[in-house]
Amino acid sequence: MKSSEELLKRLGVDIDSGTLRLALTHRSYAYEKGGIPTNERLEFLGDSVLGLAVTDALYRDNPTLSEGDLAKRRSAVVSTKALAGVARTLDLGPHILLGQGEKLTNGRDKSSILADTMEAVIGAAYLSQGVETARAMVMRLIGPLLLDAAVLGEGTDWKTRIQEAAAARRLGLIDYRVEGTGPDHARTFTARLLIGTVEYGSGSGPSKKDAEQAAAAQSWTILAASADQPAGSRHMIGP
């Protein structure tokens with residue numbers, strides 16, 4: 001693990017050493033060390049702080065945008081890809097405590113690990129310095145993405161779009177069936193999307209959220225292509 005001094009300098013926040021180490025402790029490392037605490041609780045906390053800071057900025061700076069457009073922009077800025085990009089800029093990867101398996105599979109550059117750790121670091125800043133300091137850090141590091149057209153263009157929330165399309169066509173309820181494979185420290189998730197009893201797309205990713213988004217994106221393409229097909233032309237499956 002690299003010295004934390006340079007990381008703290010780049011973050012611009014003084015986080016106490018114990019909290020910072022916890023924020024950098026991936027579950028693969030914790031498992032190998034006999035089940036010590038992981039950064040997942042801090043990740044949960046940081047996700048909320050991040051969401052508040054970004055939502056507040058979007059609301060204040062875009063008085064004419066609809067709720068839907070605000071939600072799409074927020075989704076883009078807090079996405080795994082966007083957060084991983086910020087983490088790479090900070091050179092966060094070398095500081096993350098990983099198990100041997102993740103080290104051997106280049107875990108320090110996996111977008112899912114980088115994004116989750118970034119959220120944990122935000123949570124650590126909140127615990128150490130309070131909400132205003134944590135919010136300021138978020139806006140300093142992630143705020144510029146709110147003005148990045150390329151990032152915002154990638155912010156399509158496919159789960160929302162497929163939900164809206166299914167509702168407009170009265171196709172039935174949406175159900176994601178997700179399965180995970182692999183060890184806890186390197187799981188891969190696969191999602192299948194059903195609308196009513198009809199299976200549409202599928203997708204995979206390092207988290208349930210990513211797998212569901214991938215399945216929704218594929219389903220959107222299929223749904224658009226099959227708009228003129230008879231309702232019974234697709235494969236029906238049981239519940």
**Prompt:** Same cluster or not: are V86 and L58 linked, directly or through other Ile, Leu, Val, Met, Phe, Trp or Tyr residues, by side-chain heavy atoms under 4.5 angstrom apart?
**Reply:** yes
**Message:** Would you say that L98 contacts R108 through its side chain, given a criterion of any heavy-atom pair below 4.5 Å between the two side chains?
**Reply:** yes
**Request:** Mark yes or no for whether R192, through its side chain, and S202, through its backbone, hold a donor-acceptor pair below 3.5 Å.
**Result:** no
**Request:** Establish whether Y31 and Y29 are linked, either directly or via other cluster members, by ILVMFWY side-chain heavy-atom contacts under 4.5 Å.
**Result:** no
**Atom of I122, atom of G46 and distance for their closest heavy-atom approach** = CG2-O, 3.8 Å
**Complete:** Taking every heavy atom of A166 against every heavy atom of I174, the minimum-distance pair comes out as CB-CD1, 4.0 Å
**Message:** Using the rule given for side chain to side chain contact (heavy atoms under 4.5 Å, CB included), can you reason through E199 versus L193, listing the C-alpha separation, both sets of side-chain angles and the distance that settles it, and then say yes or no?
**Reply:** CA-CA 6 Å; E199 182 176 341; L193 186 150; over 6 Å; no
**Prompt:** Quick check: does any side chain N or O of T55 sit under 3.5 Å from a backbone N or O of G51, one acting as donor and the other as acceptor?
**Reply:** yes
**Request:** Check whether more than 12 heavy atoms from other residues, nucleotides or ligands sit under 6.0 Å from atom CZ of R41, and answer yes or no.
**Result:** no
**hydrophobic_cluster_shared for L173 and Y176, side chain cutoff 4.5 Å** = no
**Request:** Please answer whether the main-chain N or O of Q100 pairs with a side-chain N or O of E32 as donor and acceptor at a distance below 3.5 Å.
**Result:** yes
**Message:** Run the side chain to side chain contact (heavy atoms under 4.5 Å, CB included) test on Q129 and I15 for me, step by step, so that the C-alpha distance in whole Å, both residues' side-chain angles and the decisive distance to 0.1 Å come before the verdict.
**Reply:** CA-CA 7 Å; Q129 298 295 334; I15 302 173; 5.7 Å; no
**Prompt:** What pair of heavy atoms forms the shortest contact from G201 to S219, and how long is it?
**Reply:** N-OG, 2.8 Å
**Request:** Report the C-alpha distance between L127 and D16 in whole Å, list the side-chain angles of each, state the deciding distance to 0.1 Å, and finish with yes or no for side chain to side chain contact (heavy atoms under 4.5 Å, CB included).
**Result:** CA-CA 9 Å; L127 283 185; D16 71 86; over 6 Å; no
**Prompt:** Minimum heavy-atom separation for G172 to I195, with atom names?
**Reply:** O-CG2, 3.7 Å
**Message:** I need the M137 CE to I142 CD1 distance, nearest 0.5 Å.
**Reply:** 7.0 Å
**Message:** Can you see whether R10 engages T89 through a side-chain donor-acceptor pair at a distance of less than 3.5 angstrom?
**Reply:** no
**Prompt:** Below 4.0 angstrom, N of the basic side chain to O of the carboxylate: do R177 and D175 qualify?
**Reply:** yes
**Prompt:** Backbone N or O of G205 within a donor-acceptor pair of the D210 side chain at under 3.5 Å?
**Reply:** no
**Prompt:** Taking all atoms of both residues into account, what is the closest heavy-atom pair of I113 and G107, and its distance?
**Reply:** CD1-O, 3.6 Å
**Prompt:** Hey, any chance Y59 and V138 share a hydrophobic cluster, counting ILVMFWY side chains that come within less than 4.5 Å of each other, even indirectly?
**Reply:** no
**Item:** Side chain proximity check, V54 to L146, heavy atoms < 4.5 angstrom
**Value:** yes
**Request:** Before accepting this row, confirm whether a basic side-chain N of the pair R60/D56 lies closer than 4.0 Å to the acidic partner's carboxylate O.
**Result:** yes
**Fill in**
Taken to the nearest 0.5 Å, the spacing of Y126 OH from L45 CG works out to 6.5 Å
**Request:** For the pair K209 and E212, find out whether any cationic side-chain nitrogen is under 4.0 Å from an anionic carboxylate oxygen.
**Result:** no
**Fill in**
Between the CG atom in D116 and the CG atom in L42, the distance rounded to the nearest 0.5 Å is 12.0 Å
**Asked** Could you walk me through whether L141 and L90 pass the side chain to side chain contact (heavy atoms under 4.5 Å, CB included) check?
**Response** CA-CA 9 Å; L141 299 176; L90 292 168; 4.0 Å; yes
**Message:** Return the NZ to CD1 distance between K110 and I96, rounded to the nearest 0.5 Å.
**Reply:** 11.5 Å
**Message:** Counting neighbours of NZ on K103 that are heavy atoms of other residues, nucleotides or ligands and sit closer than 6.0 Å, is the number greater than 12?
**Reply:** yes
**Request:** List the steps, then state whether side chain to side chain donor-acceptor pair (under 3.5 Å) holds for S207 with R187.
**Result:** CA-CA 8 Å; S207 70; R187 288 182 73 75; over 6 Å; no
**Prompt:** Distance from L92 atom CG to D109 atom CG, nearest 0.5 Å?
**Reply:** 11.0 Å
**Fill in**
Taking every heavy atom of A120 against every heavy atom of A23, the minimum-distance pair comes out as CB-O, 3.5 Å
**Asked** Would you say the side-chain atoms of S79 pair up with the backbone N or O of A76, donor to acceptor, closer than 3.5 Å?
**Response** yes
**Message:** Would the distance check show the side chain of E102 and the main-chain N or O of S28 forming a donor-acceptor pair, the cut-off being under 3.5 Å?
**Reply:** no
**Prompt:** If Ile, Leu, Val, Met, Phe, Trp and Tyr residues are connected whenever their side-chain heavy atoms lie under 4.5 Å apart, and connections chain through other members, are L50 and F44 in the same group?
**Reply:** no
**Asked** Can you check whether L11's main-chain N or O pairs, donor with acceptor, with R140's side chain at less than 3.5 Å?
**Response** yes
**Prompt:** Just how far is it from atom OG1 of T38 to atom NZ of K33, taken to the nearest 0.5 Å?
**Reply:** 15.5 Å
**Message:** Contact between S128 and D14 at the side-chain level, heavy atoms closer than 4.5 Å - yes or no?
**Reply:** no
**Asked** Would a 4.5 Å heavy-atom cut-off, applied to side chains only, mark R21 and S4 as touching?
**Response** no
